There are 2 protein chains.
Amino acid sequence: MTAEPHRSPGRPRVDVDPAVLAATLRTVHELGYAGATLDRIAAAAGTAKTTIYRRWSSKGTLVTAALVSAFGPLPPVAGEPRQNLAALVRWGADRVALPGVAAAFAGVFAEAVSDPDLRRLLRTQLQEPYRRGLEQALAVPTARALLIVDLVVGTLLHRRGITGEPMTETDLQQLTTAARALLG
Amino acid sequence: MTAEPHRSPGRPRVDVDPAVLAATLRTVHELGYAGATLDRIAAAAGTAKTTIYRRWSSKGTLVTAALVSAFGPLPPVAGEPRQNLAALVRWGADRVALPGVAAAFAGVFAEAVSDPDLRRLLRTQLQEPYRRGLEQALAVPTARALLIVDLVVGTLLHRRGITGEPMTETDLQQLTTAARALLG
DNA sequence: CAGTATCGAAACTGTAGGTAGCGAAACCTG
DNA sequence: CAGGTTTCGCTACCTACAGTTTCGATACTG
């Protein structure tokens with residue numbers, strides 16, 4: 001039997017979340033954060049704007065959720081800190097290079113400046129999980145893990161934000177080198 | 001005699017630029033990028049919205065100009081690359097900590113994603129001058145100077161974007177250490 | 001069937017970026 | 001001073017989008 005602890009009455013919710021989150025990133029990728037209107041996202045997801053607002057309270061929280069789903073959990077690493085760091089930098093670079101991710105980050109950061117709720121969401125949904133994972137994978141204290149997150153993600157996003165292009169392979173290696181300087 | 005090569009007829013332009021740029025950063029600092037409406041900026045600068053639009057074609061170009069004026073030219077450095085790098089990291093950290101700068105960057109980056117003109121402006125007005133200065137001060141090739149700009153500014157901005165707080169002194173020293181790993 | 005909750009479409013509100021028109025002000029030349 | 005030119009600042013306006021409200025239709029439960 002399927003695990004349904006307590007089926008409430010009324011029309012059940014359709015599971016539109018995956019389609020909406022994917023459509024969000026896709027639309028942000030194509031039209032930018034401002035150009036990705038809720039009407040367009042809803043149309044791309046094949047649903048209605050009202051249905052989206054029933055699940056996410058604002059555009060900022062929606063895009064944040066799309067980012068969280070695009071990143072997913074940290075990949076499992078089980079080696080030396082220096083090895084793990086290289087793998088994690090590459091993992092981060094791959095995610096930031098995903099279509100729409102950089103634009104979504106920029107838009108969310110801009111909104112978060114004047115929206116404490118959104119800032120808290122960013123911290124709890126994105127920063128803290130990855131910070132905790134880094135502490136373990138790299139065997140560093142909290143403050144150091146935070147700085148490494150800032151360093152890796154910040155560098156990757158700044159590159160995309162200014163040039164619009166992803167990093168070259170040699171730049172990625174250099175970034176790993178720079179981050180390694182924070183390990184010991 | 002004053003250096004006026006060719007005074008054209010008509011009412012001369014009032015020099016509102018410094019007041020407007022300062023009011024822009026101040027308003028962005030207080031109300032965030034989205035909350036800093038052109039009407040409010042104009043009121044804070046003691047001028048009219050139309051006057052601002054006669055000088056800057058959009059909110060994005062205005063805020064970019066405010067950033068350029070807040071950063072100003074690179075400070076002169078004349079020492080060993082490793083010394084110079086430490087001074088430049090500190091200079092960058094001071095500028096990013098200026099009220100309004102981080103919020104302005106976030107907003108401009110978000111707009112630049114879907115605005116090629118604004119992206120070009122960012123590149124020519126901000127990235128290229130400082131990249132050139134770094135090449136000289138640090139004795140590194142272009143690609144390396146670009147990466148160092150991304151690393152330093154990206155890290156500083158990411159920290160402010162997520163936590164809203166500036167970096168601690170020890171974090172700054174660590175950032176310098178990481179950047180030094182890219183010197184050679 | 002009665003009750004309940006969701007869906008989707010449309011209409012609506014408030015606000016902000018950006019533009020247009022215009023009288024007044026500040027300079028020029030003669 | 002007169003006539004020409006350009007900017008100033010103000011108001012009114014247009015367009016677009018975030019977010020809300022309303023409502024009939026739909027899909028469940030018991």
Side-chain angles (χ1 to χ4, degrees), chain A residues 2 4-17 19-20 23-24 27-28 30-66 103-104 107-108 110-115 117-118, chain B residues 2 4-17 19-20 23-24 27-28 30-66 103-104 107-108 110-115 117-118:
Chain A
T2 56
E4 290 169 37
H6 187 45
R7 198 67 131 150
S8 33
R11 177 174 180 167
R13 285 205 158 190
V14 184
D15 182 25
V16 292
D17 291 29
V20 170
T24 300
T27 310
V28 167
E30 286 164 8
L31 305 168
Y33 186 84
T37 70
L38 263 288
D39 282 306
R40 277 196 262 250
I41 292 173
T47 183
K49 187 169 66 160
T50 41
T51 299
I52 295 183
Y53 273 110
R54 275 186 204 104
R55 288 161 173 73
W56 296 277
S57 60
S58 69
K59 183 173 174 176
T61 59
L62 168 65
V63 177
T64 303
V108 166
E111 288 213 347
V113 171
S114 47
D115 183 339
D117 287 350
L118 188 55
Chain B
T2 56
E4 290 169 35
H6 187 41
R7 194 76 129 142
S8 32
R11 176 174 179 166
R13 284 206 158 186
V14 183
D15 182 24
V16 292
D17 291 27
V20 170
T24 299
T27 311
V28 168
E30 286 165 8
L31 305 169
Y33 186 83
T37 70
L38 263 290
D39 282 305
R40 277 197 261 249
I41 292 172
T47 183
K49 187 169 68 159
T50 41
T51 300
I52 295 183
Y53 273 109
R54 278 187 199 103
R55 288 162 173 73
W56 297 277
S57 60
S58 68
K59 182 173 175 176
T61 58
L62 167 65
V63 176
T64 302
V108 165
E111 288 213 347
V113 170
S114 47
D115 184 339
D117 287 352
L118 188 55

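Proteins come first, then strands; the chains are lettered A, B, ... in the order of their sequence lines, and each starts at number 1. Since this is a predicted model, take the numbers as computed values, not measurements.
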Student: What residues form a side chain to side chain contact (heavy atoms under 4.5 Å, CB included) with B:A104, not counting sequence neighbours?
Tutor: B:L25, B:V28, B:V63, B:L67
Student: Tell me, which of residues 45-52 of chain A have any heavy atom that sits under 4.0 Å from an atom in DNA chain D?
Tutor: A:K49, A:T50
Student: Can you tell me the distance, in whole Å, between the OH atom of B:Y53 and the C1' atom of D:dC10?
Tutor: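 Atom OH in B:Y53 sits about 16 Å away from atom C1' in D:dC10.
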Student: In whole angstrom, give the distance that lies between atom NZ of A:K59 and atom P of D:dT20.
Tutor: 15 Å
Student: I'd like to check the side chain to side chain contact (heavy atoms under 4.5 Å, CB included) partners of A:V113; sequence neighbours left out, ordered by chain and number.
Tutor: B:A103
Student: In this structure, how many angstroms lie between the C1' atom of D:dC13 and the CG atom of B:L38, rounded?
Tutor: 16 Å
Student: Just how far, in rounded Å, is P of C:dA16 from CD of A:E111?
Tutor: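 Distance, rounded to whole Å: 13 Å.
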Student: Rounded to whole Å, how long is the line connecting atom OH of B:Y33 with atom P of C:dA16?
Tutor: 14 Å
Student: Round to the nearest Å and state the distance from A:D39 atom CG to D:dA18 atom C1'.
Tutor: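 The distance from CG of A:D39 to C1' of D:dA18 comes to 9 Å, rounded to the nearest Å.
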Student: Write down the distance between CD1 (B:I41) and P (C:dA16), rounded to a whole number of angstrom.
Tutor: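 Nearest whole value for this atom pair: 12 Å.
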Student: Taking the side chain of A:R55 as heavy atoms from C-beta outward, which of C:dG17, D:dT7, C:dT6 is closest to it?
Tutor: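 The nucleotide sitting nearest to the side chain is C:dT6.
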Student: Can you give me the closest heavy-atom contact between A:S114 and B:G32, atom names plus distance?
Tutor: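 In terms of heavy atoms, the two residues are closest at CB-CA, 3.9 Å.
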Student: Looking at residues 9-17 of chain A, who's got a heavy atom less than 4.0 Å off DNA chain C?
Tutor: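 Hits under 4.0 Å, by residue number: A:P9, A:G10, A:R11, A:R13, A:V14.
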Student: OP1 or OP2 of D:dG19 versus the side-chain N and O atoms of A:R54: is any pair under 4.0 Å?
Tutor: no
Student: Kindly give the heavy-atom pair with the smallest separation between B:K59 and B:Y33, and that separation in Å.
Tutor: NZ-O, 2.7 Å
Student: Identify all side-chain donor-acceptor contacts of residues 35-43 of chain A below 3.5 Å with residues at least two apart in sequence or on another chain.
Tutor:
| residue | atom | partner | partner atom | Å |
| --- | --- | --- | --- | --- |
| A:T37 | OG1 | A:R40 | N | 3.2 |
| A:R40 | NE | A:G35 | O | 3.1 |
| A:R40 | NH2 | A:G35 | O | 3.3 |

Student: Distance-only check: which donor-acceptor pairs under 3.5 Å involve side-chain atoms of residues 44-58 of chain A, not counting sequence neighbours?
Tutor:
| residue | atom | partner | partner atom | Å |
| --- | --- | --- | --- | --- |
| A:R55 | NE | A:D17 | OD1 | 3.3 |
| A:R55 | NH1 | A:T51 | O | 3.2 |
| A:R55 | NH2 | A:V14 | O | 2.9 |
| A:S58 | OG | A:G60 | N | 3.4 |
| A:S58 | OG | A:T61 | N | 3.3 |
| A:S58 | OG | A:T61 | OG1 | 3.4 |

Student: Applying a 4.0 Å non-hydrogen cut-off, can you work out what B:S57 is touching in the nucleic acid: base, sugar-phosphate, or nothing?
Tutor: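 B:S57: no heavy atom of the nucleic acid under 4.0 Å.
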